[in-house]
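To start, the structure itself, in structure tokens.
For reference, positions follow the sequence shown, starting with 1. The basis for the numbers below is simple: all heavy atoms, side chains too, and nothing from hydrogens, waters or symmetry mates.
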Amino acid sequence: MMKHKKLNAVMAALSLLSILTGCGTSSSINTPHTSSTVHVAYAGSLELLNNQFLGPAFEKSYHVHYQGQGGGSYGIAHEIAAGSIPANVFESIGYGPVKVLEPAKTSWAIAIASSPLVVAYNPHSRFAPELNQIRRGQKPLKDLFQLMAQNGFKLGRTNPNTDPQGQAFVMAIELAQKTYHLSPDIVSRILGPINTGGEIYTEEGILSLLQSGGLDASSAFLSEAVQRHLDYIMLPPTLNFSDPALASWYHSVHVTLSNGTVVYGTPLTIDVTIVGKPANPNAIQFVKFLLSKSGQSIFQHEGYHLFSPYVMGKSAALPQALRQELNHA
């Protein structure tokens with residue numbers, strides 16, 4: 001009888017220990033439950049925004065695990081279309097890459113914010129004194145393009161075949177040529193061969209190369225420059241592709257890709273869509289979070305420009321839950 005009492009006491013103690021430590025079949029009381037995952041594919045320039053700010057904040061609010069993967073918008077879009085990455089949400093720079101997924105994967109996107117195109121530069125470059133003067137307004141912006149055209153100026157940009165930023169930067173130089181009446185050969189002197197130049201780098205690595213001293217300057221988004229604490233020169237809205245109201249002006253220039261495709265200028269908005277039909281519930285929650293006050297405040301804090309979100313593509317295909325969210329955004 002005494003042995004049975006001792007055994008029962010031991011079992012009771014082990015049961016209590018299991019509850020206190022969260023072992024056995026019980027879940028830890030203080031650990032958020034994350035039984036599901038949302039897979040977010042994004043343009044490489046949105047990596048810090050998603051992985052350090054949006055993703056963690058979403059997990060905390062919705063108790064859904066966030067998993068992100070980035071790359072050039074067009075490259076990522078083709079991977080999603082081929083089924084080689086398991087994306088539920090796609091965040092593109094510009095609507096062009098979203099079209100790669102139409103009509104099988106999606107037929108709409110919501111434009112949420114924009115990040116102006118800037119010229120980032122290394123403060124230790126031999127050209128830095130003049131770049132500083134241009135940034136401060138002590139020299140006209142026109143001098144920036146003449147400086148970048150000089151022999152020995154190491155300029156970096158991303159690949160226009162895979163990245164909307166790469167396309168926009170080429171077209172920004174073309175718009176600058178028209179705006180400031182620069183010499184006809186200024187585009188080729190600054191950029192070299194459009195699609196195969198030695199100044200083309202990956203979207204994920206170009207700013208690290210700039211910071212290490214491998215480049216004098218590079219194309220960048222304002223948000224990237226803010227997040228990485230880079231020195232940069234602001235471009236006016238007529239050149240930075242951030243203002244939807246200037247869409248017709250941006251459309252006046254174009255770039256021809258290696259495969260012969262002609263791409264016309266368009267506002268570089270962050271366009272978000274849900275991949276797959278019907279829409280994944282976790283994906284709907286993630287997009288709702290981006291449209292919420294909490295999500296929008298993160299965009300603004302990290303250097304993005306906000307405007308009233310709007311639908312691109314087939315608005316009738318937008319999930320009802322997001323339609324309601326847009327009405328309150």
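Distance alone, capped at 3.5 Å, is enough to place a donor-acceptor pair between the Tyr250 side chain and the Asp243 backbone. Side-chain N or O atoms of Asp216 include one that pairs as donor or acceptor with a backbone N or O of Lys154 at under 3.5 Å. Between the Asn161 side chain and the Leu257 main chain, no donor and acceptor come within less than 3.5 Å of each other. Side chain of Gln67 to backbone of Val40: no donor-acceptor contact under 3.5 angstrom is found. Trp249 places a side-chain N or O within donor-acceptor distance of the main-chain N or O of Thr238, the cut-off being under 3.5 Å. A donor-acceptor pair is defined here as one N or O able to donate and one able to accept, closer than 3.5 Å; such a pair exists between the side chain of Ser73 and the backbone of Ile93. Side-chain atoms of Thr273 never come within 3.5 Å of backbone atoms of Ala109 as a donor-acceptor pair (strictly under, hydrogens ignored). Between the Glu91 side chain and the Ala43 main chain, no donor and acceptor come within less than 3.5 Å of each other. The backbone N or O of His39 sits less than 3.5 Å from a side-chain atom of Asn88, completing a donor-acceptor pair. The main-chain N or O of Leu175 is found under 3.5 Å from a side-chain atom of Thr179 such that the two form a donor-acceptor pair.
Here Gln296 contributes atom CD and Phe289 contributes atom CZ; the two are 10.5 Å apart, rounded to the nearest 0.5 Å. Here OG of Ser45 is found 9.5 Å from CG of Asn50. Values are rounded to the nearest 0.5 Å. Separation of atoms NZ (Lys139) and CD (Gln146) is listed at 10.0 Å; rounding is to 0.5 Å. Rounding to the nearest 0.5 angstrom, the gap separating the NE2 atom in His305 from the OG atom in Ser114 is 6.5 Å. A distance of 8.5 Å separates CG of Leu230 from CD of Glu224, quoted to the nearest 0.5 Å. With rounding to the nearest 0.5 angstrom, the OG atom of Ser115 is 9.5 Å from the CG atom of Leu49.
Linking Ile, Leu, Val, Met, Phe, Trp and Tyr residues whenever their side-chain heavy atoms come within less than 4.5 Å leaves Leu215 and Ile134 in two separate clusters. Both Ile110 and Val38 are assigned to one and the same hydrophobic cluster, defined by single-linkage of ILVMFWY side chains at heavy-atom distances under 4.5 Å. Residues Leu147 and Leu182 are members of one and the same hydrophobic cluster, defined by side-chain heavy-atom contacts under 4.5 angstrom among Ile, Leu, Val, Met, Phe, Trp and Tyr. The cluster map of Ile, Leu, Val, Met, Phe, Trp and Tyr, joined by side-chain heavy atoms under 4.5 Å apart, puts Leu291 and Ile298 in the same cluster. The cluster map of Ile, Leu, Val, Met, Phe, Trp and Tyr, joined by side-chain heavy atoms under 4.5 Å apart, puts Phe221 and Leu144 in the same cluster.
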| request: Could you please spell out the steps behind the side chain to side chain contact (heavy atoms under 4.5 Å, CB included) verdict for Val100 and Ile80? | output: CA-CA 9 Å; Val100 174; Ile80 295 172; over 6 Å; no

Test side chain to side chain contact (heavy atoms under 4.5 Å, CB included) on Ile112 and Thr269; report intermediate values, then the result. CA-CA 7 Å; Ile112 289 183; Thr269 51; over 6 Å; no

Full working for side chain to side chain contact (heavy atoms under 4.5 Å, CB included) between Val253 and Lys178: CA-CA 10 Å; Val253 290; Lys178 294 168 61 173; 4.2 Å; yes

*Step by step, work out the side chain to side chain contact (heavy atoms under 4.5 Å, CB included) result for Gln165 and Leu117.*
CA-CA 8 Å; Gln165 184 193 125; Leu117 199 64; 3.8 Å; yes

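You'll find the side chain of Pro237 reaches within 4.5 Å of the side chain of Leu246, heavy atoms only. With a 4.5 Å cut-off on side-chain heavy atoms, Tyr95 and Lys99 count as touching. Within the 4.5 Å cutoff, no side-chain heavy atoms of Thr162 are placed close to those of His78. Under the 4.5 Å side-chain criterion, counting only non-hydrogen atoms from C-beta, Tyr74 is in contact with Pro164. Tyr310 is listed as a side-chain neighbour of Pro244, based on a closest heavy-atom distance under 4.5 Å. The shortest side-chain heavy-atom distance between Ser84 and Glu79 falls under the 4.5 Å cut-off. Contact check for Ser36 versus His63: no side-chain heavy atoms found under the 4.5 Å cut-off. Counting only heavy atoms from C-beta outward, the side chains of Asp231 and Leu131 never approach each other to under 4.5 Å.
For the residue pair Leu191 and Arg157, the shortest heavy atom distance occurs at O-NH2, 3.1 Å. Ala149 and Arg189 make their closest contact through CB-NH2, 3.7 Å (heavy atoms, listed as atom of the first residue, atom of the second, distance). Looking at every heavy atom in both residues, Arg228 comes nearest to Ser208 through NH1-OG, 3.7 Å. When all heavy atoms of Val64 and Glu59 are compared, the closest pair comes out as O-CG, 3.2 Å. Ile274 approaches Leu322 most closely through the heavy-atom pair CD1-CD1, 3.9 Å. Shown here for Ala77 and Pro97, the closest heavy-atom pair between the two residues is CB-O, 3.4 Å.
Of the options Val263, Thr256, Ile200, a side chain to side chain contact (heavy atoms under 4.5 Å, CB included) to Pro160 is made by Ile200 and by none of the others. Checked against Phe58 for a ring pair (Phe, Tyr, Trp, His ring centres under 6.0 Å), the options Phe53, Tyr66, Phe286 give a single hit: Phe286.
Tyr42 and Asn51 form a side-chain donor-acceptor contact under 3.5 Å, judged by distance and modelled atom types alone.
Residues Tyr121 and Phe127 place their aromatic rings such that the two centres sit no closer than 6.0 Å.
Under the side-chain contact (heavy atoms from CB on, under 4.5 Å) criterion, Gln300 pairs with Leu306, sequence neighbours left out. For His254, the ring-ring contact (aromatic ring centres under 6.0 Å, His included) criterion is met by Tyr264, not counting sequence neighbours.
Around NZ of Lys277, the count of heavy atoms belonging to other residues, nucleotides or ligands within 6.0 Å exceeds 12. A 6.0 Å sphere centred on NZ of Lys314 holds no more than 12 heavy atoms belonging to other residues, nucleotides or ligands.
Taking the six-membered ring where tryptophan is involved, the planes of Phe299 and Tyr304 are perpendicular, since the angle between them exceeds 60° and thus also 30°.
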